[in-house]
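Encoded as structure tokens, the structure appears first; notes follow it.
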Amino acid sequence: MPGYQDFMLPLLQLAADGREHSVREAMDTFATHMGITDTEQNELLPSGTQTKLHNRVSWAASYLNNSLLLERPRRGRYRITQRGLDVLRRKPQRIDNAFLNQFEEYRSFKTRRVDPVPDTIAPTVDPVIDEATPDERLEGAYKELRESLAEDLIRRVRANDSKFFEHLVVDLLVAMGYGGSRADAAQVVGRSGDDGIDGVIKEDRLGLDTVYIQAKKWENSVGPGEIDRFIGSLNRKKAHKGVFITSGTFTEGARRAGQEAHVRIVLIDGDQLAELMIDSGLGVTASKQYVVKKLDSDYFDV
């Protein structure tokens, strides 16, 4: 997938006819002429709110607009300016951030967006990061922070005893909407094992179905033998849904045993447990919040 700077010159060339163009039109054109595969066209940002292709073409247009090479005559449309035509007459081999730096408007735009770096610091630019759009950099930083938090969470979970793990399982299931109230869930989850079952919890608040629970606070891998025993316990209970939660990992054999079982079994390992805790707000607290806003074009369309 080309970086957003790779789309700057093609965008300007597409607009050279002086007509209005849309980002969608540009995306379709570039997909054909730049060899962008269907997989790359459909690849989403981590947030899942937009494709990477749309995000990168949009940011390329934004940078050209802030450099006065393109203008936006109306919502969702762009058109080349006289400056843009003058630039094309110079037949540049590439237009990127370094090229745009010759324009005062671009430099002013960048100064507003980024704190200046002291002269005493010589930053190194990762070419991969440099090709990422601001949205991608923001989401990449969020992903890195989340991964670090997940590692800290599972480390703390494993450092506690089995009793704590039982309470954690109850809290997590309730936070995810199972078991009704915490008092209800605590009565049926976390008891001493009954024929290989650590608990039974309502699937929903009305108790229309039940889920059988097996919880193992392990640091090592759970093998297929443990899964087979859990399946046997479910069979004896005439149950058809089960969740096996461990603070450790599952071997490939264990996962295969779960997939091949005739009952529905969900396996949750330590990594997924940490992700579910983060999503459910369990064991974590908000540190900082950033609200990313965008232009409301409807306000200006009068």
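A donor-acceptor pair is defined here as one N or O able to donate and one able to accept, closer than 3.5 Å; no such pair exists between the side chain of S22 and the backbone of R77. Under a 3.5 Å cut-off, the side chain of Q41 and the backbone N or O of I36 do form a donor-acceptor pair. No donor-acceptor distance shorter than 3.5 angstrom exists from the side chain of T246 to the backbone of T249, with no hydrogens or angles considered.
Connection of I231 to V200 is established within a shared hydrophobic cluster, with ILVMFWY side chains joined at heavy-atom distances below 4.5 Å, either directly or through further cluster members. Clustering ILVMFWY residues whenever any of their side-chain heavy atoms sit less than 4.5 angstrom apart, transitively, puts L153 in the very cluster that holds L276. Residues F165 and M176 share a single hydrophobic cluster, defined by chaining ILVMFWY side chains whose heavy atoms lie under 4.5 Å apart. No single ILVMFWY cluster, assembled from side-chain heavy atoms under 4.5 Å apart, contains both M277 and Y142. By the rule that hydrophobic residues join a cluster once side-chain heavy atoms approach within less than 4.5 Å of another member, V23 and L45 end up as members of separate clusters.
Counting heavy atoms from C-beta on, the side chains of V211 and V266 never come closer than 4.5 Å. Inter-residue side-chain proximity for Y212 and S233 is flagged as unmet; no heavy-atom pair is nearer than 4.5 Å. Between F103 and V87, the closest side-chain pair of non-hydrogen atoms falls below 4.5 Å. Between H240 and L234 the shortest side-chain heavy-atom distance does not fall below 4.5 Å. Taking the side chain as every heavy atom from C-beta outward, F7 and L14 never approach each other to under 4.5 Å. The shortest distance between side-chain heavy atoms of M27 and T51 falls below 4.5 Å. Between L88 and I80 the shortest side-chain heavy-atom distance falls below 4.5 Å. Looking at L267 and Q272, their side chains never come closer than 4.5 Å, going by heavy atoms from C-beta outward.
Remark: D96 engages Q5, R94, A98, F99 in a side-chain contact (heavy atoms from CB on, under 4.5 Å) (not counting sequence neighbours).
Between K241 and T210, the closest heavy-atom pair is CB-O, 4.0 Å. Nearest heavy atom pair, residue H21 against residue D17, reads NE2-OD1, 2.8 Å. Shown here for A16 and L85, the closest heavy-atom pair between the two residues is O-CD2, 4.0 Å. When every heavy atom of M34 is checked against every heavy atom of P10, the shortest pair comes out as SD-CG, 4.5 Å. The shortest non-hydrogen separation linking L149 to V284 is CD2-CG1, 3.9 Å.
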All N/O donor-acceptor pairs, side-chain side in residues 253-265, below 3.5 Å, sequence neighbours left out:
from: R255; atom 1: NH2; to: D269; atom 2: OD2; distance (Å): 2.8
from: H262; atom 1: NE2; to: N235; atom 2: OD1; distance (Å): 3.0

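Ring orientation note: the planes of Y106 and Y63 are tilted relative to one another, at an angle of 30° to 60°.
Within 6.0 Å of the CG atom in N220, the count of heavy atoms belonging to other residues, nucleotides or ligands does not exceed 12. The environment of Q82 atom CD is dense: over 12 non-hydrogen atoms of other residues, nucleotides or ligands sit within 6.0 angstrom. The number of heavy atoms from other shown groups lying within 6.0 Å of CZ (R24) does not exceed 12.
With respect to R146 and E275, a salt bridge is recorded, a charged nitrogen being found less than 4.0 Å from a carboxylate O. With respect to K163 and D161, no salt bridge is recorded, no charged nitrogen being found less than 4.0 Å from a carboxylate O. With respect to E43 and K52, a salt bridge is recorded, a charged nitrogen being found less than 4.0 Å from a carboxylate O. Ion pair D86/R83 not flagged as a salt bridge, since none of the NZ, NE, NH1 or NH2 atoms sits closer than 4.0 Å to an Asp/Glu carboxylate oxygen.
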**OP:** List the steps and the verdict of side-chain contact (heavy atoms from CB on, under 4.5 Å) for Y78 and L64.
**Re:** CA-CA 10 Å; Y78 66 87; L64 293 174; over 6 Å; no
